2 protein chains.
Amino acid sequence: MNSLVEENYLKALFNLSIESGQVNVNDLSQRLDIKMPTVTSMMKKLAGKGLVHYESYKPLRLTEQGKIEAALIIRKHRLTEMFLVEKMGFGWEQVHDIAEQIEHIHSDLFFAKMDELLGFPKSDPHGSPIPDRNGNVTWKEFKKLSDCKAGDRVRLEAVINTSEEFLKFLNNRALSLGLEVLVVSVEPFDRSMVVKYAKRTAETLSHTVCERLLVVEKA
Amino acid sequence: MNSLVEENYLKALFNLSIESGQVNVNDLSQRLDIKMPTVTSMMKKLAGKGLVHYESYKPLRLTEQGKIEAALIIRKHRLTEMFLVEKMGFGWEQVHDIAEQIEHIHSDLFFAKMDELLGFPKSDPHGSPIPDRNGNVTWKEFKKLSDCKAGDRVRLEAVINTSEEFLKFLNNRALSLGLEVLVVSVEPFDRSMVVKYAKRTAETLSHTVCERLLVVEKA
DNA sequence: TTATTTTGTTTTACTTCTCTAACTTTATAC
DNA sequence: GTATAAAGTTAGAGAAGTAAAACAAAATAA
Ligand SMILES: [Mn+2]
Ligand SMILES: [Mn+2]
Ligand SMILES: [Mn+2]
Ligand SMILES: [Mn+2]
């Protein structure tokens, strides 16, 4: 049984691996706000438990078992976020910090029940995939809105940044998952976009924002 | 901010005070399955935080502030149990261990939302009162079923023991809160009772069981 | 009332998780 | 290709929470 602290290291390492490929001690240190020597010793400990491949001065890698255990924590996190939004009436900007705690609850039954009540959802309120009970994750092919061109019709499927500020920004513009968006124009100078969706006929979004919005093309 | 460990000490001390009046280091030690020297040092620590009155060799007492903080953890525990039963479909025998963990979640909003979704319940699935947001608890006047006599008509309002085994025993006999029970007879030899309720016309309950069932008299 | 048992405390020590300081290795700049 | 900077490790230490051993006080029994 992994401790809460070990679980947070596993999860952070898993997420960083997906975000940036190669993960160094320094990356994990910054992500967790824990000093490098502490991270080094925890990596050795997790290596001893067979969850991490550790070699001095080399990038950090989860073992297959480590990936599974990390994915199962992420599963609990994302099921929780979905439950909070769908069954308890929270906004998608309010759920991360609560899920960060509830993901450490030890009760298979509790999460199985959540899953069932939610109808076995495939993704969380931010569009991230929910790993299955075996820790397998299936990633959908998304495109960044910033990679679209004028005239493209797309559907908003996920957000990359899930900070409260960013999600509130999207709330203020009535941007939510599932929405159909038409790219009206792209400004070559700063790559900002003018888009049309729902009742908004001409909303301007900066490149910084568009990079964080994941979409699929509407046939 | 109290740690999870401190919270469990406060809660145990609060509960023991109610159950048995005077609480000694040894009682708390047994309740928490933690050795006496550890309890002594935690009591000194909590005394330092103004939550416990500690004097060597004297019974342990919570301060007023300690009582409030303990009651607020118990509030979270009981709201959680109620939520699990009412909103997630758990049985009353399944919820204690999950609540034991969720009671340590730090999020006022999370518990406020639970409370609201439940319609501000006054008691948990076992009939125990839910403290209010200020840590005030109001105890109803209950009577033990074992103190009733033949011919009494009562309503089952709470259970004292909330172990899974006891609650399953009650489930097997279709005994649940709110049920109206008629005391048919009391056996003088072992103080067992024959009772009548719902579709059960002659169920025999041992004194040990009757002592743990709290009732109010049906007018 | 004295002996014995139980309860409680003190001291020492272990585990987990964290840090700072000092040093080493690797990467980057010139 | 050295010099400098950045990243990583080692060593030492501290806080939180725990227990074992030794001792002291209080309760109980004889
Ligand atoms: Mn999240
Ligand atoms: Mn977490
Ligand atoms: Mn309970
Ligand atoms: Mn608890």
Side-chain angles (χ1 to χ4, degrees), chain A residues 1-14 16-17 19-62 66 69-70 73 100-101 103-106, chain B residues 1-14 16-17 19-62 66 69-70 73 100-101 103-106:
Chain A
M1 184 82 92
N2 302 316
S3 71
L4 181 150
V5 169
E6 289 169 334
E7 288 186 345
N8 281 336
Y9 276 90
L10 290 172
K11 189 162 67 93
L13 184 44
F14 186 97
L16 279 171
S17 303
E19 292 165 28
S20 18
Q22 181 161 311
V23 183
N24 301 308
V25 172
N26 195 242
D27 303 324
L28 198 46
S29 167
Q30 287 179 239
R31 172 63 61 100
L32 292 169
D33 194 21
I34 285 173
K35 296 288 177 291
M36 286 202 292
T38 309
V39 172
T40 298
S41 62
M42 180 57 83
M43 290 304 102
K44 289 178 179 173
K45 186 180 171 198
L46 292 177
K49 294 179 83 167
L51 301 174
V52 165
H53 293 295
Y54 176 78
E55 289 177 90
S56 297
Y57 302 105
K58 296 273 169 62
L60 303 168
R61 284 161 42 234
L62 287 169
E69 300 194 11
I73 302 155
E100 199 61 47
Q101 299 176 67
E103 67 189 0
H104 304 292
I105 300 294
H106 293 295
Chain B
M1 185 82 92
N2 303 315
S3 70
L4 181 149
V5 169
E6 290 169 334
E7 288 185 347
N8 281 336
Y9 277 90
L10 289 173
K11 190 162 67 92
L13 183 45
F14 186 96
L16 279 171
S17 302
E19 292 165 29
S20 17
Q22 182 162 311
V23 183
N24 301 308
V25 171
N26 195 243
D27 303 324
L28 199 45
S29 167
Q30 287 179 240
R31 170 65 60 99
L32 292 169
D33 194 22
I34 284 173
K35 296 289 176 289
M36 285 202 292
T38 308
V39 172
T40 298
S41 62
M42 180 58 83
M43 288 305 102
K44 288 177 179 175
K45 187 180 170 198
L46 292 177
K49 295 178 81 169
L51 301 173
V52 165
H53 293 296
Y54 176 78
E55 288 177 273
S56 297
Y57 302 105
K58 295 274 170 62
L60 304 169
R61 283 161 42 235
L62 287 169
E69 299 193 12
I73 302 156
E100 199 61 46
Q101 300 177 67
E103 68 190 0
H104 305 290
I105 299 294
H106 293 297

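The shown structure was predicted, so the numbers you read here are calculated from the model rather than taken from an experiment.
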Walk me through it: do Ile73(A) and Asn2(A) pass the test side chain to side chain contact (heavy atoms under 4.5 Å, CB included)? CA-CA 11 Å; Ile73(A) 302 155; Asn2(A) 302 316; 5.7 Å; no

Specify the separation, in whole Å, of atom [atom1] of [X] and atom [atom2] of [N].
X	N	atom1	atom2	answer
Gln22(A)	dA7(D)	CD	P	13 Å
Glu7(A)	dT16(C)	CD	C1'	15 Å
Leu32(B)	dA19(D)	CG	P	10 Å
Leu28(A)	dA7(D)	CG	P	14 Å
Met43(B)	dT10(C)	CE	P	14 Å

For nucleotides 5-9 of chain C, print each protein N/O atom paired with a nucleotide N/O atom at under 3.5 Å, atom names and distance only.
unit_1	atom_1	unit_2	atom_2	d
dG8(C)	OP2	Asn26(B)	N	2.6
dT9(C)	OP1	Tyr54(B)	OH	2.1
dT9(C)	OP1	Tyr57(B)	N	3.2
dT9(C)	OP2	Thr40(B)	OG1	2.7
dT9(C)	OP2	Tyr54(B)	OH	3.3
dT9(C)	O5'	Tyr54(B)	OH	3.4

Under 3.5 Å, side chain of Ser20(A) to main-chain N/O of Leu16(A), donor-acceptor pair present? yes

Start with the C-alpha distance between Gln22(B) and Asp27(B), add both sets of side-chain angles, then the distance that settles side chain to side chain contact (heavy atoms under 4.5 Å, CB included), and finish with yes or no. CA-CA 9 Å; Gln22(B) 182 162 311; Asp27(B) 303 324; over 6 Å; no

Verify side chain to side chain contact (heavy atoms under 4.5 Å, CB included) between Met43(B) and Leu28(B), making sure each step is shown before the conclusion. CA-CA 10 Å; Met43(B) 288 305 102; Leu28(B) 199 45; 3.6 Å; yes

Indicate, with a heavy-atom threshold strictly under 4.0 Å, whether Ser3(A) touches base, sugar-phosphate, or nothing. sugar-phosphate

Decide yes or no on side chain to side chain contact (heavy atoms under 4.5 Å, CB included) for Thr40(B) and Lys44(B), but give the supporting numbers first. CA-CA 6 Å; Thr40(B) 298; Lys44(B) 288 177 179 175; 4.1 Å; yes

Which residues pass the salt bridge (Lys or Arg N to Asp or Glu O under 4.0 Å) test with Glu6(A), sequence neighbours left out? Lys45(A), Lys49(A)

